Protein chains: 2
Amino acid sequence: MKPLTSRQQEILEFIRQFLEQEGFPPTLAEITRAMGLKSPHGVREQLQALARKGAIELIPSASRGIRLLNKVAERDALPLIGKVAAGRPVMTEAHIEKYCRLGPELFQNKADYLLRVQGMSMRDAGILDGDLLVVRQTTEARNGQIVVARMQDEVTVKTLRVEEAMAYLEPANPDFPIIVVDLAKQDLAIEGVVVGVIRTRIG
Amino acid sequence: MKPLTSRQQEILEFIRQFLEQEGFPPTLAEITRAMGLKSPHGVREQLQALARKGAIELIPSASRGIRLLNKVAERDALPLIGKVAAGRPVMTEAHIEKYCRLGPELFQNKADYLLRVQGMSMRDAGILDGDLLVVRQTTEARNGQIVVARMQDEVTVKTLRVEEAMAYLEPANPDFPIIVVDLAKQDLAIEGVVVGVIRTRIG
DNA sequence: AAATACACTGTATTTATGATCAGTCTATGA
DNA sequence: TCATAGACTGATCATAAATACAGTGTATTT
């Protein structure tokens with residue numbers, strides 16, 4: 001598929017949202033209004049461009065005759081990361097075990113991937129061995145958030161606390177030690193923030 | 001919701017299929033043709049009846065302005081039960097808050113619905129207040145399984161243990177008491193077995 | 001026996017909507 | 001500097017589609 005211009009992406013996103021919200025696609029006039037335009041013809045040309053590029057299908061003469069291609073189902077599938085090889089970023093093609101469909105209506109925050117938990121270091125936060133963490137991929141995190149962090153070879157999930165040049169990765173289990181990172185001496189890469197937990201096995 | 005006439009169900013089913021197939025709702029004329037009728041006005045009245053009965057919503061003056069309510073037909077979607085009214089079975093139309101798409105590839109066991117947890121009585125099992133339980137609807141449960149149980153007016157989630165004529169509903173939190181049920185004197189209805197947990201909010 | 005709901009036909013009217021034509025303005029690459 | 005594509009305005013047109021009104025006939029309920 002040919003690349004979309006930013007305007008075309010904007011319009012495509014509006015159609016997607018309208019469809020989700022209303023249950024049917026918008027009319028040309030509705031898109032025109034939403035984009036702050038004054039004539040529906042500009043929109044029409046954009047839609048024809050989107051159709052040429054394979055993003056949508058236009059049904060001639062039909063009101064609201066816009067059909068989204070590129071199945072939505074694929075958009076809603078999250079990659080499941082099983083085991084992370086030492087020294088490599090978490091979200092890597094090679095780590096993907098399978099894809100899981102998860103409707104976005106469940107989580108407030110956008111989710112990017114699932115990560116299987118190893119060990120009981122976050123037990124008291126209700127995160128158990130084998131649980132799947134729902135992770136938003138980001139390098140920014142606030143104090144108190146549960147993060148996926150990487151230090152050289154090791155990937156760990158802990159509560160983040162940063163004070164001046166020191167970072168503390170705190171477990172939620174008294175049997176485990178707090179990991180102290182001197183940011184001046186050691187690298188600490190934030191790979192993502194935990195936005196949800198899924199447990200698929202009980203007992 | 002008032003019962004639908006067979007004609008109304010037929011029309012509703014057509015709208016559902018059309019929507020699935022085409023990506024947008026049909027016009028009155030399209031329904032008219034599909035039903036083998038000759039005037040759109042008959043269809044219009046049926047749609048208004050469907051709207052009165054709460055099966056659809058009609059958006060005035062909008063082309064294809066039909067919105068399906070009760071979207072039971074959503075594939076791979078599980079109903080989310082928020083609050084359970086006293087003295088009523090858990091899995092009831094009235095309790096459904098919304099539908100959540102969850103691919104079946106996540107859980108080994110078949111899941112029937114999601115139930116929002118209230119309280120911390122299962123904290124040590126990694127089930128926290130506000131979590132969503134993935135529940136398989138069944139009346140049979142084994143010792144040690146976490147079950148959704150109902151005793152008259154109250155619905156509770158606990159670990160089940162049955163010994164002879166006594167049932168014990170054990171919390172996973174020392175602050176809560178074990179509920180003892182004498183099966184000879186009291187009713188205990190098993191509504192389902194917990195097969196998974198989903199946490200959508202962290203911290 | 002009358003009232004009411006269901007399930008329509010048939011014609012007409014209005015408005016919503018897609019389609020078309022004639023242009024403008026701005027980049028960007030040949 | 002010419003050509004070309006993107007991103008529009010503005011007016012007009014044709015028709016798709018919802019709405020309205022006046023009826024018909026058959027069940028069900030009261």
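Keep in mind the model is a prediction, meaning the values are calculated, not measured. Below, chain A is the first sequence line, B the second, and so on; all start at residue 1.
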Starting from [atom2] on [N], measure out to [atom1] on [X] and report it in whole angstrom.
X      : N       : atom1 : atom2 : result
E45(B) : dA18(D) : CD    : C1'   : 14 Å
Q48(B) : dA5(C)  : CD    : C1'   : 14 Å
R44(A) : dA16(C) : CZ    : P     : 20 Å
I59(B) : dT19(D) : CD1   : P     : 10 Å
L47(B) : dA17(D) : CG    : P     : 14 Å
L37(B) : dG10(C) : CG    : P     : 11 Å
L28(B) : dT14(C) : CG    : C1'   : 15 Å
Q9(B)  : dC6(C)  : CD    : P     : 14 Å

- Message: Taking CZ in R142(A) as the centre, count heavy atoms belonging to other residues, nucleotides or ligands within less than 6.0 Å. Is the count above 12?
- Response: no

- Check the surroundings of atom CG in D187(B): do more than 12 heavy atoms from other residues, nucleotides or ligands lie under 6.0 Å from it?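 No - once you tally the heavy atoms of other residues, nucleotides and ligands closer than 6.0 Å, there are 12 at most.
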
Looking at the side chain of [X], which of [options] is the nearest nucleotide?
X      : options                  : result
H41(B) : dA7(C), dA22(D), dA7(D)  : dA22(D)
S61(B) : dG10(D), dC6(C), dA16(C) : dA16(C)
R52(A) : dT17(C), dG6(D), dA7(C)  : dG6(D)
S63(B) : dT17(C), dC8(C), dG10(D) : dT17(C)
K38(A) : dT19(D), dT17(C), dT9(D) : dT9(D)

- Message: Using a distance-only criterion (donor-acceptor N/O pair, under 3.5 Å, no hydrogens), is the base of dG6(D) paired with the side chain of T5(A)?
- Response: no

Phosphate OP1/OP2 of [N] contacted by [X] side-chain N/O (<4.0 Å):
X      : N       : result
Q46(A) : dA7(D)  : yes
R64(B) : dA17(D) : yes
Q8(A)  : dA7(D)  : yes

- Through what angle, rounded to 10 degrees, does the axis of the helix from dA1(C)-dT30(D) to dA30(C)-dT1(D) turn between its ends, using five pairs per end?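 Result, rounded to 10 degrees: 30°.
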
- Item | Closest-nucleotide 5' rank along DNA chain C - winner of R33(A) and G42(B) |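 Of the two residues, G42(B) wins.
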
- Tell me which of S6(B) and T27(A) sits closer to the 5' end of DNA chain C, going by the nucleotide each one is nearest to. S6(B)

Taking [X] first and then [Y], would you say they form a salt bridge - that is, a charged N and a carboxylate O separated by under 4.0 Å?
X       : Y       : answer
R33(A)  : E30(A)  : no
R199(B) : D131(B) : yes
R150(A) : E191(A) : yes

- Can you name the side chain to side chain donor-acceptor pair (under 3.5 Å) partners of S63(A), sequence neighbours left out? S63(B), R64(B)

